[in-house]
Participant: 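The structure that follows is given in the form of structure tokens.
Since this is a predicted model, take the numbers as computed values, not measurements.
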Amino acid sequence: MADPALELKPRQTVALFDAALRLCARSTGVWSLTLPAGACVIAALFHLVETITHHQDLRVPAALFTAAWIFRAISMGAACHFLEGQVLGATEPNAWASFLAAIKRTPSLVITAA
């Protein structure tokens, strides 16, 4: 179900930010798409920092951090696709369909995240 157009066209910067936060906060699809990616980036960062403090080899933790960052880029693209479907679509979007659409755009999402 599409959101009302009056709520999506605020006149001031603060009102636009408030409308965007309300849209993202009440959409469970956005949370299900972005939360695992954020957790992966944090876990990879903790592993990287622990490896640096113990003076160990950095190849594997750096590769894990890079992979987590790429997964985050794909997840953010999926969340954008989901929100676009929620705002402009006539039906409720599907998180899996948004994730598959983001996977099809992986090269551009990785370039954008880099």
Side-chain angles (χ1 to χ4, degrees):
M1 171 167 89
D3 289 324
L6 290 177
E7 184 179 341
L8 299 174
K9 292 191 177 192
R11 302 282 183 214
Q12 300 171 346
T13 307
V14 175
L16 177 64
F17 184 71
D18 183 52
L21 281 177
R22 280 189 279 127
L23 179 64
C24 291
R26 69 176 178 219
S27 174
T28 57
V30 174
W31 287 102
S32 67
L33 289 168
T34 57
L35 194 62
C40 285
V41 169
I42 295 297
L45 181 65
F46 283 164
H47 184 58
L48 183 64
V49 168
E50 183 179 338
T51 304
I52 290 171
T53 58
H54 290 116
H55 304 291
Q56 297 172 348
D57 187 26
L58 292 174
R59 281 181 259 169
V60 173
L64 288 174
F65 184 74
T66 303
W69 197 261
I70 290 171
F71 177 59
R72 180 188 173 272
I74 293 170
S75 296
M76 295 301 279
C80 290
H81 183 271
F82 184 86
L83 285 174
E84 180 182 1
Q86 188 174 7
V87 171
L88 301 176
T91 62
E92 186 70 26
N94 185 0
W96 283 111
S98 295
F99 195 74
L100 291 176
I103 287 177
K104 292 177 185 176
R105 296 185 181 111
T106 297
S108 62
L109 291 171
V110 170
I111 290 168
T112 302

Participant: Shared ILVMFWY cluster between Leu88 and Phe82, side chains joined below 4.5 angstrom?
Facilitator: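 Linked, Leu88 and Phe82 end up in one cluster.
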
Participant: So, for Ala68 and Cys40, which heavy atoms are closest and what is the spacing to 0.1 Å?
Facilitator: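 Closest approach of Ala68 to Cys40: CB-O, 3.7 Å.
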
Participant: Grab the two heavy atoms, one from Val30 and one from Ala79, that are nearest each other, plus how far apart they are.
Facilitator: CG1-CB, 4.4 Å

Participant: Do Ile103 and Leu33 share a hydrophobic cluster (ILVMFWY, side-chain heavy atoms under 4.5 Å, transitive)?
Facilitator: yes

Participant: Please name the pair of heavy atoms, one in Ala78 and one in Phe99, separated by the smallest distance, quoted to 0.1 Å.
Facilitator: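 In terms of heavy atoms, the two residues are closest at CB-CA, 3.7 Å.
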
Participant: What's the spacing between Ile74 CD1 and Thr106 OG1 if we round to 0.5 Å?
Facilitator: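 OG1 of Thr106 is found 4.0 Å from CD1 of Ile74.
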
Participant: Could you tell me the separation between the CG atom of Leu48 and the OG1 atom of Thr66, rounded to the nearest 0.5 Å?
Facilitator: 9.0 Å

Participant: Starting at CG of Leu100, measure out to NE2 of His81 and round the result to the nearest 0.5 Å.
Facilitator: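 The CG atom of Leu100 sits 10.0 Å away from the NE2 atom of His81.
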
Participant: Under a 4.5 Å side-chain heavy-atom rule over Ile, Leu, Val, Met, Phe, Trp and Tyr, are Phe71 and Leu109 clustered together?
Facilitator: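 In one cluster: no.
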
Participant: How close do Gly85 and Pro93 get, counting heavy atoms only, and between which atoms?
Facilitator: C-CG, 4.0 Å

Participant: Work out which heavy atom in Ala73 is nearest to a heavy atom in Ala113; give both atom names and the distance.
Facilitator: CB-CB, 3.4 Å

Participant: Could you state whether Val60 and Ile52 fall into the same hydrophobic cluster, counting links through intermediate Ile, Leu, Val, Met, Phe, Trp or Tyr residues with side-chain heavy atoms under 4.5 angstrom apart?
Facilitator: no

Participant: Calculate, to the nearest 0.5 Å, the distance between atoms CD1 and CZ belonging to Ile42 and Arg72 respectively.
Facilitator: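 Ile42 CD1 to Arg72 CZ: 9.5 Å, rounded to 0.5 Å.
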
Participant: Mind checking the CG-CZ spacing from Leu64 to Arg59? Nearest 0.5 Å is all I need.
Facilitator: 13.5 Å

